[in-house]
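Here is the structure we will look at.
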There are 2 protein chains.
Amino acid sequence: MKNVTIADVAKQAEVSKSTVSQYLNKRYDYMGEKTKQRIQEAVEKLGYQPNIVARSLKQKATKTIGVIVANILHNFTTKVVRAIEDVCHASDFHTIICNADDDPVKEKYYIEMLRAKQVDGLIIFPTGDNRDLYQKMLDSSYPVVFMDREVEGMDIPSIMLHNEKAAELAVEHFLEKGYRRIGMMTTSLINHTTPRVERVEGYKKALRRSGIPIYKDYIISGEPQSLQTELEELLHLERPPEGILAGNDLVLIEILKYAKQKGVRVPEDLAVIGIDDVSFASFYTPAITTVAQPTFKMGKAGAELLLNIVQKQEETTKQASLRFEPTLMIRDSV
Amino acid sequence: MKNVTIADVAKQAEVSKSTVSQYLNKRYDYMGEKTKQRIQEAVEKLGYQPNIVARSLKQKATKTIGVIVANILHNFTTKVVRAIEDVCHASDFHTIICNADDDPVKEKYYIEMLRAKQVDGLIIFPTGDNRDLYQKMLDSSYPVVFMDREVEGMDIPSIMLHNEKAAELAVEHFLEKGYRRIGMMTTSLINHTTPRVERVEGYKKALRRSGIPIYKDYIISGEPQSLQTELEELLHLERPPEGILAGNDLVLIEILKYAKQKGVRVPEDLAVIGIDDVSFASFYTPAITTVAQPTFKMGKAGAELLLNIVQKQEETTKQASLRFEPTLMIRDSV
DNA sequence: CTGAAAGCGCTTACAG
DNA sequence: CTGAAAGCGCTTACAG
């Protein structure tokens, strides 16, 4: 079964390819009624389906954007991606999702691959370690929007949570509930990943504001695999924290696993707040108090910003960056 | 900044476009050493990146496959998709994921869209309600593989769990633990979705084999939103079940939510087993006994099968269908 | 060992 | 109101 092309339709309808193309693109201001009909019949008879690849080549636009996430395992990421897809879909854009797995090499591979595929723009949760590439995109004024993180000194807009506030909200809730010895645990800080750094900053600020001393020992960061042992040490300090703030969903899960395994009671032995409103928060026992990110709004904002840039209604510049407000979801874990 | 094309490279290197193309495609059996070098230098100097859209048009292959999932909310789906991506990535294929949201209209839209984008093949978690379209793909021998579900009478290979066995494993575990009054709850059966139907079948078989009567009242199905009220009724029967099998992860979550809200103790008041090994199973309290699907293996098998078909090493036929074995993960909820 | 030419399936000024 | 022609950026027999 040969693929039917616009030429076949033209022949069948006894008009030129141009006319068929006009018809298909709904540019029939002056097209004869019978012509339209003949083309429509030919299209149906032959079961013609346009070849988008050919169109893209000619139009130099694919109506597709790429999304490169740093790590698909974060619940936040999944949610944001869904929102991006929804927005794009509504504007008739398609999305290609790639997972860089926190690896700059993979990120580079995907950026190059997606650009080779001629996607019209990119939303990146940047690893931060491909500055030359980011710069190249800027130089060629290729549409890019960063999500969740920013890259210092790079004039690319970022969609971000108000991270300091998220941590402050959590710490203030601990304080209100009478906790004074509050720890914080986060995934690795070595890459200076924006949300992590800012959340730790917010944690410190909130404590300082209440005149509570900040113990270095109370601030833990590391890869998820090492968190269990870190936690073990933390809780065996002479004066261990009575409450702990999990910097994101993966950290929260490690804490809950540890608690379960060691018979640490939440919140009696250890109160917990997690940043990111995990799926099971509401029906876990105890229900987990979290700080929720407006994932849908953030995804939507990122997609809309990118599409605006693609459609030249906006400039790729840090000016366009947006911060979103976190919300404290009070439940039973503190 | 103009996009640099193969013509620019050719001019720069003072060779023809053909030669550059050969070089880029590593067809340089007989290419002069200096020629290669000149081309390589030109490529670097100009920062040339090939345009995959143009290549795809010519080669009539995009090295991209489409994945249309019925419902991205299932944990199973996410896992399988990741495995598919991994396999494709390793074979230098790209993937475009679309979520049909259990809606045949969306499914149709995506099938047509992806074919228009000239993807080389499709992995579909079929809604089952687009038989004409499925048939059309078969007729034009377009590569398709079904995942998770099969469509009756359609000669397309499916990658599936041994669903009956999954339910049997769960029921047998209930029985071993001394339970006799065992209910089953699943998402809607009206579309005869393979796994749901087969799991209910397995549940019945296992009971029958042990000579336990099957109560219609004990088998509940419906949309996730209505499950709470259904559950309420079920547990207020004169002789309510003491254990319940959740047909999938979404159902399990509804059950746990209900239990939490109504103070139903698991497993004391109600024992629970879920099909699908949810993320929180191991650290929930109580840890949830589940029947796990080999998600990674299944995704891998589906992707490999499709890629084989695309590369003409295998035929699109139901013969190629594969069933996978479930595993009982014994924990504390029964 | 390398190049000229045709062609993949579209779109788009432009001419009439 | 419709068509001929050029061109998007590649690849691929084929010729030499």
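Convention: sequence-line order gives letters A, B, ...; per-chain numbering from 1. Treat the numbers as computed from the prediction; the structure is a model and nothing was measured.
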Sorted by chain and number, sequence neighbours left out, salt bridge (Lys or Arg N to Asp or Glu O under 4.0 Å) with A:K17 holds for none
Here the distance between atom P of C:dC1 and atom CD of B:E14, to the nearest Å, is 20 Å
Of B:L322, B:L306, B:L122, the one forming a side chain to side chain contact (heavy atoms under 4.5 Å, CB included) with B:V145 is B:L306
Contacts of B:T35 and B:K60 projected onto DNA chain C by closest heavy atom; the upstream (5') one is B:T35
| request: Please check the phosphate of D:dC1 (OP1 and OP2 only) for any side-chain N or O of A:K34 closer than 4.0 Å. | output: no
Whole-Å distance, A:Y23 OH to D:dC1 P, equals 16 Å
Residues in residues 108-117 of chain A with a heavy atom under 4.0 Å of DNA chain C, by number, are none
A:E33 CD to D:dC1 C1', in whole Å, measures 13 Å
Salt bridge (charged side-chain N to carboxylate O under 4.0 Å, His left out) pairs touching residues 145-159 of chain A, sequence neighbours excluded, are A:D102-A:R149, A:E150-A:K318
Here the side-chain hydrogen bond (donor to acceptor under 3.5 Å, both in side chains) pairs for residues 295-311 of chain B, sequence neighbours left out, are B:K300-B:E304, B:N308-B:E314
ring-ring contact (aromatic ring centres under 6.0 Å, His included) pairs touching residues 79-103 of chain B, sequence neighbours excluded, are A:Y109-B:H89, A:Y110-B:H89
Per-nucleotide protein contact along nucleotides 10-16 of chain C, 5' to 3', at a 4.0 Å heavy-atom cut-off (B base, S sugar-phosphate only, - neither), is BBB----
The complete set of salt bridge (charged side-chain N to carboxylate O under 4.0 Å, His left out) pairs with one or both residues in residues 84-98 of chain A, sequence neighbours excluded, reads none
For residues 44-57 of chain A, the side-chain hydrogen bond (donor to acceptor under 3.5 Å, both in side chains) pairs (sequence neighbours left out) are A:Q40-A:E44
**Prompt:** When we call it a touch if two heavy atoms are under 4.0 Å apart, what does B:V15 touch: a base, just sugar-phosphate, or nothing?
**Reply:** sugar-phosphate
Query raised in the report: Is A:E33 paired with A:K36 through a side-chain N to carboxylate O contact shorter than 4.0 Å?
Result: yes
Review point. Would you say C:dG3 has OP1 or OP2 under 4.0 Å from some side-chain N or O of B:T19?
Key: yes
Across all chains, not counting sequence neighbours, the ring-ring contact (aromatic ring centres under 6.0 Å, His included) partners of B:F324 are none
Quick note, ring-ring contact (aromatic ring centres under 6.0 Å, His included) partners involving residues 67-86 of chain B, not counting sequence neighbours, are none
For DNA chain D, consecutive-pair runs of 3 or more (Watson-Crick or G-U wobble, both H-bond-type distances under 3.5 Å) give C:1-3 with D:14-16, C:5-12 with D:5-12, C:14-16 with D:1-3
For B:F125, the ring-ring contact (aromatic ring centres under 6.0 Å, His included) test, sequence neighbours excluded, returns none
